[in-house]
2 protein chains.
Amino acid sequence: MAAPLDPEMFDELCPSDLSPIRFGDKWAGMVVRCLEDGPRRFSELRVPLRGVTAKVLTRSLRRLEADGLVRRTVLAGRVEYALTPLGRSLLGPMEVACAWAREHWEELLDAREGVGTAAD
Amino acid sequence: MAAPLDPEMFDELCPSDLSPIRFGDKWAGMVVRCLEDGPRRFSELRVPLRGVTAKVLTRSLRRLEADGLVRRTVLAGRVEYALTPLGRSLLGPMEVACAWAREHWEELLDAREGVGTAAD
DNA sequence: CAGGATCCCCTCCGATACTG
DNA sequence: CAGTATCGGAGGGGATCCTG
């Protein structure tokens, strides 16, 4: 079991670099989830994203925009952010990931605290 | 549509910080996938992870170990890394994420190159 | 309200050199 | 073979101040 690893398995455009696994910055995932139910305003986003500064949130949003995941709209001096269809297509995979986390975060925390695997 | 956002939606242990979305460092995801088919040796991992230096790979592996996703075994001077059951449980969500990326990377690249949304 | 401009720190990552 | 030590650059993220 275990043939040699393909030396080229991560060459070129292996999705590892594009996939939602490690996509974007610290806030990107949370922003996407905030937009799940419809367009939101900048200041509205800052509420659940406790502590994020304007600069950092702006940068995160600009990147999501540049990746075609979020659309920024100015309408009568009103700025709104919304998911594009592409951004919306991410919600599924993200929910799968979050479900995994909800199911396993206790094990993760146990491991991080060094709670002993008795057979060690 | 779009009730006010819950100000506490990312407080405490909302999985956003633990979930595979943005979990680990640059190489973590690739390492996990490399271990999919069974235990691998350090030098074996370095092959597909082109360019990773020993220091960085070591750090990545140590973290995966600390999170209980990977187990390091020394047997007769032979070092091996393998997925724990917890690490193995990540393969599903990761495959979902990668499938998303495989399906949408062209759109991502298009967006990144500023290929115009005509209605702008 | 929705940012932009600065400053600063910290971590990530790579390169190089060295070791049991 | 499987690392560790050290250096250095780049970027992420927060704090603070300023603006149309």
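Only a predicted model underlies this, so the values are computations on that prediction, with no experimental measurement involved. Sequence lines set the chain letters: A, B, ... in the order given, protein chains first and strands last, and positions in each chain run from 1.
Closest contact between the side chain of A/T53 and the listed nucleotides C/dG3, C/dT16, D/dG14 involves D/dG14.
Between B/R40 atom CZ and D/dC1 atom C1' there is a gap of 17 Å when expressed in whole angstrom units. Between A/F42 atom CZ and D/dT19 atom C1' the separation is 14 Å, expressed in whole Å. Atom NZ in B/K26 sits roughly 12 Å away from atom P in D/dG11 (whole-Å rounding). With rounding to whole Å, B/R50 atom CZ is found 19 Å from C/dC13 atom C1'. Following rounding to the nearest Å, B/M30 (CE) and C/dC12 (P) show an atom-to-atom distance of 15 Å. Atoms CG (A/L49) and C1' (D/dG14) sit 14 Å apart, rounded to a whole Å. Summarising the geometry, the separation between CG on A/L75 and P on C/dA2 is reported as 13 Å, rounded to the nearest angstrom. Atom P of nucleotide D/dG12 and atom CG of B/D25 are separated by 15 Å, given to the nearest angstrom.
Looking at A/S89, its side chain does come within 3.5 Å of a backbone N or O of A/L86 through a donor-acceptor pair.
Contact between the side-chain N/O atoms of A/Y81 and the OP1/OP2 oxygens of C/dG3 is found at a separation under 4.0 Å. Considering only side-chain N and O atoms, B/R41 lies under 4.0 angstrom from the phosphate OP1 or OP2 of D/dA2.
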Before giving the answer on side chain to side chain contact (heavy atoms under 4.5 Å, CB included), spell out for A/V70 and A/L83 the whole-Å C-alpha distance, their side-chain angles and the decisive distance to 0.1 Å. CA-CA 4 Å; A/V70 161; A/L83 290 180; 4.1 Å; yes
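Contact annotation: the side chain of A/L45 approaches that of A/L35 to within less than 4.5 Å [non-hydrogen atoms, C-beta and beyond]. The shortest distance between side-chain heavy atoms of A/D110 and A/E107 does not fall below 4.5 Å. In this structure, A/M30 and A/W27 have side chains that are in contact, with non-hydrogen atoms separated by less than 4.5 Å. For the pair A/R41 and A/R46, the minimum side-chain heavy-atom distance is 4.5 Å or more.
For the helix from C/dC1-D/dG20 to C/dG20-D/dC1, the terminal axes (five pairs an end, C1' atoms, rotation from four pairs onto the next four) enclose an angle of 50°, given to 10 degrees.
Between B/E80 atom CD and B/R40 atom CZ the span is 10.0 Å, to the nearest 0.5 Å.
Legend: salt bridge (Lys or Arg N to Asp or Glu O under 4.0 Å) pairs involving residues 53-65 of chain B, not counting sequence neighbours, sorted by first then second residue: B/D25-B/R63.
Listed in residue order, the members of residues 54-64 of chain A having a heavy atom less than 4.0 Å from DNA chain D are A/K55, A/V56, A/R59, A/R63.
Nearest heavy atom pair, residue A/T84 against residue A/G68, reads OG1-O, 2.5 Å.
Among the atoms of the strands shown, only primed sugar atoms or phosphate atoms (P, OP1, OP2) are found under 4.0 Å from some heavy atom of A/R72.
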